[in-house]
Trainee: 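I'd like to ask some things about the structure below.
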Number of protein chains: 2
Amino acid sequence: MPRAQREEQILTVAELVFAENGYSATTMEDIAERVGVTKPLIYEYFGSKEGLLSACITRARTQLREATESAWESVGPTASLEEVFRAGIHAFFTFIDGHATAFVLIQQEGAVASQASPLIESIREQQSAATVAAFRAAPSLAGVPETLLEGYAEVVIGACERLAVWRTTRPDVGVEDATDIVVSSVWGGLAALVPSAG
Amino acid sequence: MPRAQREEQILTVAELVFAENGYSATTMEDIAERVGVTKPLIYEYFGSKEGLLSACITRARTQLREATESAWESVGPTASLEEVFRAGIHAFFTFIDGHATAFVLIQQEGAVASQASPLIESIREQQSAATVAAFRAAPSLAGVPETLLEGYAEVVIGACERLAVWRTTRPDVGVEDATDIVVSSVWGGLAALVPSAG
DNA sequence: GCCGGTAACTTACTGATGGTAAGTTGCCTT
DNA sequence: AAGGCAACTTACCATCAGTAAGTTACCGGC
């Protein structure tokens with residue numbers, strides 16, 4: 001099997017096993033066995049156990065960001081800032097619903113090495129940057145200082161991630177409900193930034 | 001040395017070492033050596049490596065919650081809901097500023113066992129519960145449904161934790177700035193809940 | 001249609017480390 | 001003094017991350 005394809009396969013299996021058993025309880029042989037190869041091949045491709053986790057998280061975070069960006073784009077150019085805002089949040093919760101293992105994995109970020117693996121951190125920043133870019137694209141937010149915009153983006157992302165965790169213990173809270181909670185709690189503050197409207 | 005005292009000492013060292021090197025890169029002997037005891041004693045007291053991490057996280061989260069609650073209490077009974085709200089958030093960021101290792105540790109939660117170890121999860125819930133209780137104590141929020149209140153609490157906590165991470169790469173953003181960002185982005189939504197005012 | 005090379009993959013191993021069994025020391029109570 | 005328990009150690013095992021040294025099979029060039 002060609003390398004690229006095998007790597008994808010390993011990542012998929014690893015994501016599942018890491019999410020099921022947790023990082024430290026998972027052995028490289030568990031993963032190798034379920035893929036149908038032997039350990040050294042995985043080391044050849046990913047370097048180390050942490051490297052494998054990093055690769056899994058990077059892929060999951062990239063998928064998450066792409067899902068969000070795609071929602072922003074598909075909302076149409078005539079949409080109001082609030083519509084764009086809501087669409088992104090809705091896409092976030094929808095993605096989590098369909099990729100539970102990926103999300104469990106993202107929470108295992110802390111398991112990876114000390115000096116916050118710069119790779120992981122850069123991927124994380126990409127999502128903040130994308131959110132900031134979405135804000136900045138809105139003409140109504142033109143005059144708002146960059147730092148404030150970044151702070152708001154972090155607030156929204158933090159709120160979404162935490163609510164996603166909360167939702168795993170509250171099956172009665174659907175995607176729409178979660179979206180409503182985020183929008184209604186944070187939208188007011190964001191709207192207050194735009195000079196003209198409220 | 002009496003057990004209770006030794007346990008505190010071990011927790012303090014472990015918190016430091018885990019925060020410095022990350023969970024999987026630290027060995028039990030690293031910790032034992034820096035404490036000045038041998039491995040089996042730590043196992044006697046904390047059961048396992050994960051047990052030790054759990055104990056560290058539990059202590060750190062408890063301290064964090066207590067700092068927040070204490071701020072709520074000391075704000076006085078005549079304070080408005082907004083003042084209470086702001087005081088809690090301010091206390092949060094102040095605590096993080098003074099306990100960097102504890103906070104790095106809290107982010108390592110994901111490193112601990114599979115299906116979110118019930119112990120860790122219960123500690124996490126304590127903070128949400130405390131925040132909800134603070135909301136509920138406000139007469140103006142009397143009629144708001146419980147689920148919504150819980151959702152808002154999660155939003156605020158998520159926003160604060162994420163901003164705290166962000167702040168580690170933005171030294172120019174002080175405690176006051178971070179507090180302002182959270183209050184200004186989320187307060188509007190919370191205020192909208194109270195029937196009479198806006 | 002053989003042949004050199006490389007990509008995909010394996011067997012067989014090592015060292016580190018999480019975890020444990022079986023003590024040893026010393027204080028504290030009776 | 002004796003008994004017992006709490007604090008702590010030495011010496012060990014088993015597992016698992018990581019590696020060295022191959023082996024197989026495909027693929028391009030002559």
Side-chain angles (χ1 to χ4, degrees), chain A residues 1-58 105 108-115 117 119-120, chain B residues 1-58 105 108-115 117 119-120:
Chain A
M1 187 179 296
R3 174 163 180 159
Q5 192 180 339
R6 183 67 89 188
E7 280 181 350
E8 277 300 307
Q9 187 194 10
I10 292 171
L11 286 177
T12 301
V13 170
E15 177 176 309
L16 187 69
V17 180
F18 279 142
E20 266 176 6
N21 306 340
Y23 175 71
S24 49
T26 302
T27 76
M28 293 298 264
E29 260 173 19
D30 284 348
I31 295 168
E33 197 177 340
R34 279 175 73 163
V35 172
V37 297
T38 53
K39 236 181 359 167
L41 189 70
I42 301 183
Y43 278 94
E44 173 87 21
Y45 289 171
F46 297 97
S48 67
K49 191 182 177 184
E50 278 191 7
L52 180 57
L53 213 216
S54 290
C56 286
I57 293 173
T58 299
L105 199 83
Q108 307 233 338
E109 256 176 22
V112 96
S114 59
Q115 311 306 36
S117 158
L119 190 84
I120 299 284
Chain B
M1 186 177 297
R3 174 165 181 160
Q5 192 181 338
R6 185 66 89 188
E7 281 181 352
E8 276 302 306
Q9 187 194 10
I10 293 172
L11 285 177
T12 302
V13 171
E15 177 176 306
L16 187 70
V17 180
F18 279 142
E20 264 175 8
N21 306 339
Y23 175 70
S24 50
T26 58
T27 75
M28 293 298 265
E29 258 173 21
D30 283 349
I31 295 168
E33 197 177 339
R34 281 175 73 163
V35 171
V37 297
T38 51
K39 238 183 354 167
L41 190 69
I42 302 184
Y43 279 94
E44 173 85 21
Y45 289 171
F46 298 97
S48 67
K49 191 181 178 183
E50 277 192 6
L52 180 58
L53 214 217
S54 289
C56 287
I57 292 174
T58 299
L105 200 84
Q108 306 234 340
E109 257 175 20
V112 97
S114 56
Q115 304 301 27
S117 139
L119 188 88
I120 298 288

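By convention in this document, chain letters (A, B, ...) are assigned in the order of the sequence lines, proteins followed by strands, and residues within each chain are numbered from 1.
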Trainee: If you find the nucleotide of DNA chain D closest to A:Thr26 and the one closest to B:Arg3, which residue's nucleotide is nearer the 5' end?
Mentor: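 Counting from the 5' end, the first nearest nucleotide belongs to B:Arg3.
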Trainee: May I have the distance from B:Asp30 (atom CG) to C:dA16 (atom P), rounded to whole angstrom?
Mentor: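 Going from B:Asp30 (CG) to C:dA16 (P), I get 13 Å.
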Trainee: Measure the distance from CE on B:Met1 to C1' on C:dC27 and round it to the nearest whole Å.
Mentor: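 Atom-to-atom, B:Met1 to C:dC27, this comes out as 16 Å.
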Trainee: With rounding to the nearest 0.5 Å, note down the distance linking CG in B:Leu52 to CD1 in B:Ile57.
Mentor: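 So the gap between those two atoms works out to 10.0 Å.
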Trainee: Can you find an N or O donor on one side and an acceptor on the other, under 3.5 Å apart, linking the side chain of B:Lys49 with the base of C:dG19?
Mentor: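 Check fails, no donor-acceptor contact within cut-off.
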Trainee: Closest to the B:Thr38 side chain: D:dA17, C:dT11, D:dT10?
Mentor: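 Minimum distance to the B:Thr38 side chain belongs to D:dT10.
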Trainee: For a quick check of understanding: with a heavy-atom distance under 4.0 Å over all strands, which category does A:Tyr45 fall into, base, sugar-phosphate or nothing?
Mentor: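 The residue A:Tyr45 makes sugar-phosphate contact but no base contact.
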Trainee: For B:Arg6 and D:dC8, is the shortest distance between a side-chain N/O and OP1 or OP2 below 4.0 Å?
Mentor: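 Looking at the OP1 and OP2 atoms of D:dC8, one of them is under 4.0 Å from a side-chain N or O of B:Arg6.
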Trainee: Does CD belonging to A:Gln9 count more than 12 external heavy atoms closer than 6.0 Å?
Mentor: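 Buried by this count: over 12 neighbours within 6.0 Å.
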Trainee: Please classify the nucleic acid contact of B:Pro2 as base, sugar-phosphate, or nothing, using heavy-atom distances under 4.0 Å.
Mentor: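 Answer is sugar-phosphate: B:Pro2 comes under 4.0 Å of backbone atoms only.
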Trainee: Is A:Thr27 touching bases, backbone alone, or none of the nucleic acid, heavy atoms closer than 4.0 Å?
Mentor: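 The residue A:Thr27 makes sugar-phosphate contact but no base contact.
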Trainee: Using atom CD1 of B:Ile42 as one end and atom P of D:dA6 as the other, report the distance to the nearest whole Å.
Mentor: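 Answer to the nearest Å: 20 Å.
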Trainee: Rounded to whole Å, please give me the gap between OH in B:Tyr43 and P in C:dT17.
Mentor: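 That distance rounds to 11 Å.
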Trainee: Whole Å only: how far is the CG atom of B:Leu53 from the P atom of C:dG18?
Mentor: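 Taking CG of B:Leu53 and P of C:dG18, I get 12 Å after rounding.
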Trainee: Could you give the distance from OG1 (B:Thr27) to NZ (B:Lys39), rounded to the nearest 0.5 Å?
Mentor: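 Output value for this atom pair is 8.0 Å.
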Trainee: When rounded to the nearest 0.5 angstrom, what distance separates CD1 in A:Ile42 from CZ in A:Arg6?
Mentor: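 Nearest 0.5 Å value for the CD1-CZ distance: 9.5 Å.
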Trainee: Expressed as a whole number of angstroms, how long is the span from A:Glu7:CD to C:dC9:P?
Mentor: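 Interatomic distance, CD of A:Glu7 to P of C:dC9: 11 Å.
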Trainee: Can you tell me which nucleotide in C:dT10, C:dA21, C:dG18 comes closest to the side chain of B:Pro40?
Mentor: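 Selected nucleotide (nearest to the side chain): C:dA21.
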Trainee: Please give, in whole Å, the distance from D:dC16 P to A:Ile31 CD1?
Mentor: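 The distance from CD1 of A:Ile31 to P of D:dC16 comes to 12 Å, rounded to the nearest Å.
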Trainee: What is the distance from NZ of A:Lys39 to C1' of C:dG15, rounded to the nearest Å?
Mentor: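 So the NZ-C1' distance, A:Lys39 to C:dG15, works out to 12 Å.
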Trainee: Just compare C:dA8, C:dG19, D:dG18 and give me whichever is closest to any side-chain atom of A:Leu41.
Mentor: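 Selected nucleotide (nearest to the side chain): C:dA8.
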Trainee: Would you please test B:Arg34 and B:Leu16 for side-chain contact (heavy atoms from CB on, under 4.5 Å) and show each step?
Mentor: CA-CA 10 Å; B:Arg34 281 175 73 163; B:Leu16 187 70; 3.2 Å; yes
